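We use all heavy atoms of the structure for the numbers below, so side chains are in, but hydrogens, waters and symmetry mates are not. Proteins get letters first, then strands, A, B, ... in listed order; numbering begins at 1 in each. Bear in mind that the values here come from a model prediction, so they are computed numbers and not experimental data.
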Amino acid sequence: MALLETRGLTASYGDFQALFGVDITVGAGETIAIIGANGAGKTTLMRSISGVLANAASSILYRDEPIGALPAPDILARGIAMVPEGRKLFPSLSVEENLLIGNYGRKVDGPWTLESVFSLFPVLKERRDNPATALSGGQQQMVAIGRGLMSNPAVLLCDEISLGLAPVVVRDIYAAFPRIRETGASIVIVEQDIAQALKVADRVYCMMEGRVTLFGRAADLSRNDIHKAYFGTDHHELA
Amino acid sequence: MNWLDTILQGVLLGGLYGLFAAGLSLVFGIMRLVNLAHGDLIVLAAFLILVLVTTLGLDPFVAALIAMPLMFAIGWGLQYFLLNRTLGKDILPPLLVTFGLSIVIQNGLLEGFSADSRRVFAGSLESASVNLGPVTAGIMPLMTFVSAVAVIVCLNQLIYRTSVGRAFRATSDDPVTAGLMGIRPQRIFAMATGLAMVVVTIAALYLGTRANFDPTSGPARLIYAFEAVIIGGLGSLWGTLAGGIILGVAQTLGAAINPEWQILAGHLAFLAVLLFKPRGLFPRAAD
Amino acid sequence: MAILELDGVSKKFGALTVAEQISFAVCEGEALGIIGPNGAGKSTLFNLITGNIAADSGTIRFLGSDVTRTPPMARCLSGMGRTFQIPQPFEKLTVFENLLVAGAFGSRRREAEVSDRCAEILVDTGLIDKANVLAGGLSLLQRKRLELARALATEPKLLLLDEIAGGLTEGECRSLVATIRAIHARGVAVIWIEHVLHALNSVVERLLVLHFGRVIGIGKPQDIMASRDVREIYLGIEI
Amino acid sequence: APAIAQDAAIKLGYVSPQTGPLAAFGEADKFVIDSFLTTTKSMGLNYEVVVKDSQSNPNRAAEVAKELIVTDEVNLILVASTPETTNPVATTCEAEEMPCISTVAPWQPWFIGQQGNPGDPTSWKPFNYAYHFFWGLEDVISVFTNMWAQIETNKKVGGLFPNDGDGNAWGDKVVGFPPVLEKMGYGLIDPGRYQNMTDDFSAQINAFKSGQCEIITGVVIPPDFTTFWNQAKQQGFAPKIASIGKALLFPQTVEALGNAGHNLSSEVWWTPSHPFKSSLTGESATQVAAAFTKATNRPWTQPIGFAHALFELAVDAMKRAGDPKDGDAVAQAIAATKLDTLVGPIAWDGKGLPPFAAKNIAKTPLVGGQWRLKDGGGYDLVITDNKTAPNIPVGGKMEAIA
Amino acid sequence: MTMAIPSFTVETRTRASTLSAAAIIALLLLAFAAPFIVSRGVIQDLFFILTMLVLAQNWNLLAGYAGLISVGQQVFVGFGAYTMFGGVILFGIDPVVAILIAGLFSVALAIPTAFFTFRLYGPYFAIGTWVVAEVVRLLLAQWKALGGGTGTSLPRDATRDMMGVGAMRDVFGMKASQAGDALTYWLALILVVATIGFIYGLLRSKQGLGLAAVRDNEQAARAVGVDARRMKTLVYLATAFMTGIAGALIYVQKARISPDAAFSVTDWTAYVIFIVVIGGIGTIEGPILGVIIFFLLQNLLADYGSWYLLMLGLLGIAIMLFAPRGLWGLFSERTGIQLFPVRRVLKGGPLNLTHRGGPHG
Ligand SMILES: Nc1ncnc2c1ncn2[C@@H]1O[C@H](COP(=O)(O)OP(=O)(O)OP(=O)(O)O)[C@@H](O)[C@H]1O
Ligand SMILES: Nc1ncnc2c1ncn2[C@@H]1O[C@H](COP(=O)(O)OP(=O)(O)OP(=O)(O)O)[C@@H](O)[C@H]1O
Ligand SMILES: [Mg+2]
Ligand SMILES: [Mg+2]
């Protein structure tokens, strides 16, 4: 049964419509990847689900409850946490405080505590009292993920966690995902790095210009299908 | 001329300015909100205390205690329903709306209370003083100063030691992302203004017992409060107190030379600080 | 002859060294690519070159004269054009006006003299149909194009490009490469920071690798890509 | 016999601070004007009063004066209360050739304050249309020193003079307190002009303490006096006498001092016990004050008498002017006034005045009083010195502040 | 690169602006004739409107176009007025000449002020300008020759014998005070025309475009060769000049000055901000509309004392909340009408470029 589901989701920024009827489903414990070029609407989708953008109530269902119109804090309270694009750490807060604030609106017992986040990303423990902005990009991304986990969410939305990071750092960060999956949480990853996405995801949605153009089990999709959905061209056209 | 006394009086005066400015500093630090109605809100609180004192026959300190939650509610509502709509990158909307508010409060109070000068009586405390060797200090000014320090200690504890305080700082950094943490920025801002109004009530208590006030006496001290905040640096409450003291000492020193220089000396001290530290003495690292 | 020379340029933000003893030169008409992990100091290097950030030590020479202490405006007037990694359009001006400003001020000419050229640049960069739209209403992609177009309007002798190809579709990427090549072909020197290596490599003659603020390699793209250091640091050891 | 045509109403313009920090001065205006209109109506006179509020703001005062002249086309302008309102209005009237009667501001700040260069007496010029009646600094100085003479002191005086219209005049080295006090053997310690709404008076208190002042005088706005008085007590400064102008005019402001207001002294320009009668209604001062209290439920204040007198003078001048629309005739009629009013006899005859001010100023009597705590709370203003105007009865002797 | 491109043209004019140009010229002719047509009361009201309009246009130039939100513009009103008084009283200069000198002195004051306040940003700049104004007020309050804190009046003869008044008396047979009014009114009218002309000319020039760029993004503006500091300084000095002149002119008419009145933050800055915001910030039309509304409100409600101010406060709040672009902004958005267009619209070329940018700011 679907834990989280969007039905014909549309979203606009003023006059500009960014999503045109997006349907995705996320099952319990599932890892979903959403891929697509810049401007495809991936972030908009994440922002809609997490409540930053308001939508029609019934366009997003969570445990069969319409949540499309709820504001972000209510979404978090129900167990959907987000790691936003660009990390968005709080510069006035230390590393530890950035993590602690992650469960401000949802304090439930679960696998994730300050200690377990530190054991997931040991380097953060050493820097716990530093201002979050003093860390390297990769470390900041770890704080952002840890912060998302602190509320022990049932669904974790991760927007472009490898954006602008060097491949080595990306690898370190993705190394943490199996341990997050083990706790039973569903994960939605937005990613431009298709290979990386296919590696961790159970299922993949591909978006182009505000629509889902392809979806299926990661293992079933051919590279050419994805390429076509992603770029609108065949793979072999690539030099 | 007694320099020691001059400086002591200046420091105590600085306590009063620090108290006037602490609420402003809180609001300015968290929301970048330049509240031009701050002075009028102090006067409003003073009238509230006055009404409680005269109708219920309460001691002013007790009256202030009762006024605090009321003022908190006023501040909360003001922020939640009005000022939150003005926040943004542009500083003009809050400037204008709070200026409008200032006019509304002043003239509302004028309609309600007439232009008469009022006073809140603190009994024999008013003229009591302690002898500190070569100088004497009034009990009330001392209490004002101690209250300013206490207010700042409490606010700092709140902001740096509690989870609500973390939420304040996080929201101040980035309200949208704070929302993703389950923080409701609108309410955090409302709470911050509510808290500022509690501080305002304390300031009003000392304003009302120290000198006469009338509906129009708010703006006169607003500029000192702003100066204290800016000298101290955005978001630093201790800086705000330091700013108040710098102003106070500059004023008493200026007055000791010639009373014509009293207020001018305070302003010049402010300009001098900004000339060398355009972001104040203790600016926040970010922004 | 060198159009730009850096000699021992260093910069620290507090304890963080973002540029350490950087020395290199770019010849007239050359195209140089800069790569390096996220946070390596690439954008900071641009800011040092253009004067948005003052160097702690070292000298920067442009067109033979020392510009280490001259303000950004003067450097632009002497022929440096740049794009910002995070686009910085003049939001309340139209796209065309954005270019007019750059054209009129950057090349010190009257508005009327530059308007035709600005229109041409809009055609070249594919923004012509947005000419009279407020720049604040553009999508990220269009904003990046506007960055490029605006930099071109200043008629630079040296063009500094900061990550303008990220997230383009293959077709768009190809046309971007063609545009940059054409600019380059007219004798404009180019320094281009980019993560999209195949695009970069199809334009530049040399590559410079930056790591923790230090230059760890500069040379022909093939040589650089083949070097062990670069592979380890930038691409990860697994390759 | 009144030669005024019954059909065309005579239009009087009236400006005073009805709102803002000086609003206490304008408190009685409505009462005075209402009763004036009823009286004139019953006398068969056709008067109209256009009331403007200066909002305690000199900019606004000048604006409304222009409006009265130009838009409302009044025949005469009456203005009252503090140089911040009287001076801009009088200046405007003078420039517009509009007759104007002004009051409730000591004449020096009014006259000298309207001169281009107040520092240069040779440049001072009299006015053709602006006339003022009130007392002057010489009166308040003699009233104060007479009061001080009743009590044994070391004759050391501390002065509190702000940098405003009144303060600069009172503290002036030529026309103000300093030369006279010196002549009379008082030592004046004047630390200098301060700005109104000052939060700290320790500089002044220190100066007074080290000068061992037993007397305090000055012209202070109410909030500043409260601040000063509290701080003085806190810092152990207790003068025997405090005679302060302006701050202690109104019962509310004295009450605002709590018990600390006892035996503070002040100038008194009008009380219900002044032995004068209205030339319009024949009522005595006591009756007018009682009528005010009855109508408004507020204690009497000093401006009542002067606001009333303004209208008496207006009616008197208009009667004699012939054509009320002829500004020059009205101005001449004002200059020729000889009228017994609610605040005493008024005539612009130069009596008791230096030659430069003789034309435009008429003086009214001034006495001194002390505020005394009443048994049941509240304060009484007791007249303690009348040497300057013996026809006004005293109510008690001066007492030193406990 | 070299493909043939159908030729482009750049336009700023709109149909409304062509019509309005004609209407404005007609209106101006009427305005110049006003002293012969309407009563003195109306002339004085118009004088008030015109001088407030000058202040409003200047504040708008500063805040709406240069992004410099100042709450200390009263410093130039007061300083200009005091310079004029000083010139007339102490040096016997003709008031009309003294007005011009006042403008120059204001610029002289603005130079050190700019040096200081330009180090500050956003709210710091706003408060900094206010404090500077207070400092100047307190310093002038010590100037005993001009009355110190008491203030002083302009000698009656000075305005009576003002340049041009005599001639007007002789030629038009006006009374001295009437001639004085007409003269100050014409000066105000000229000042308004010059101010709006200057601002409009500036905005349509290359410098105006640069100014808009600086306001939108200072860093990017510098990167494309705009000298942001020079641009802001230029605007600041220009507004100081015009505001100083307006201040002097206002006080020639008032004839009485005191530091509190001349440096009133409420009268010369807060109300001016109201005017600009009610009308619409960042447009030339906005302050014009704003000053008319302000004047009407003041006349309708002034006799209600504190209620008037209360209403004004509420109105300001309401406009800021519900129509942040002001009433002209609302109107212009609905109708697309602009009387003073500055937008450069690209026309022609390969595509039919119809989309318009709307008003600046
Ligand atoms: N103004 C600043 N103050 C403090 N630190 C800064 C500042 N600007 C940049 N940094 C830090 O300097 C380092 C280098 O940043 P820079 O933007 O130059 O990296 P980059 O190589 O361009 O990375 P990316 O590939 O993500 O664009 C980073 O750690 C960044 O956080
Ligand atoms: N705040 C906004 N205002 C207007 N348009 C926006 C806004 N944010 C995004 N858009 C537009 O909405 C469309 C979808 O953007 P979105 O950020 O969702 O894409 P994305 O798939 O996340 O891209 P990226 O890979 O760059 O993160 C784009 O055309 C973008 O320009
Ligand atoms: Mg995205
Ligand atoms: Mg970068």
* To do: Tell me, with the steps shown, if V226(E) and M73(C) meet side chain to side chain contact (heavy atoms under 4.5 Å, CB included).
  => CA-CA 6 Å; V226(E) 183; M73(C) 190 256 321; 5.6 Å; no
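- Between chain C and the residues R229(E), Q207(E), Q219(E), the largest count of heavy-atom pairs under 4.5 Å involves Q219(E).
- Listed by chain and residue number, E155(C) satisfy the salt bridge (charged side-chain N to carboxylate O under 4.0 Å, His left out) test with R109(C) (two or more places apart in sequence, or in another chain).
- Considering every non-hydrogen atom in both L209(E) and L93(C), the closest pair reads O-CD1, 4.3 Å.
- Formation of a donor-acceptor pair under 3.5 Å by the N217(E) side chain with backbone atoms of F90(C) is not found in this model.
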* **Verdict with reasoning, L122(C) to L346(E), per side chain to side chain contact (heavy atoms under 4.5 Å, CB included)** => CA-CA 11 Å; L122(C) 286 179; L346(E) 191 62; 4.3 Å; yes
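- Residue pairs meeting the ring-ring contact (aromatic ring centres under 6.0 Å, His included) criterion with at least one member in residues 209-240 of chain E, sequence neighbours excluded: F76(E)-Y236(E), F118(E)-Y236(E).
- Side-chain atoms of N132(C) never come within 3.5 Å of backbone atoms of V345(E) as a donor-acceptor pair (strictly under, hydrogens ignored).
- The distance from atom CZ of R222(E) to atom CZ of R75(C), rounded to the nearest 0.5 Å, is 13.0 Å.
- A 4.5 Å side-chain heavy-atom check between R343(E) and F96(C) finds every atom pair outside the cut-off.
- Contact of P156(C) with chain E is not made at all, since no heavy-atom distance falls under 4.5 Å.
- Heavy atoms closer than 4.5 Å to chain E are found in the side chain of T154(C), but not in its backbone.
- The shortest side-chain heavy-atom distance between L77(C) and D227(E) does not fall under the 4.5 Å cut-off.
- With a 4.5 Å cut-off on non-hydrogen atoms, A221(E) touches chain C through its backbone and its side chain both.
- Interface residue R108(C): only backbone heavy atoms are found under 4.5 Å from chain E.
- No side-chain heavy atom of E97(C) sits less than 4.5 Å from a side-chain heavy atom of V342(E).
- Heavy atoms only, all atoms of each residue included: C76(C) and G225(E) are closest at SG-N, 3.3 Å.
- The closest side-chain heavy-atom distance from R344(E) to E111(C) is below 4.5 Å.
- Within a 6.0 Å sphere centred on CD1 of I111(E), other residues, nucleotides and ligands contribute more than 12 heavy atoms.
- Between the side chain of K206(E) and the backbone N or O of A104(C) there is at least one donor-acceptor pair closer than 3.5 Å.
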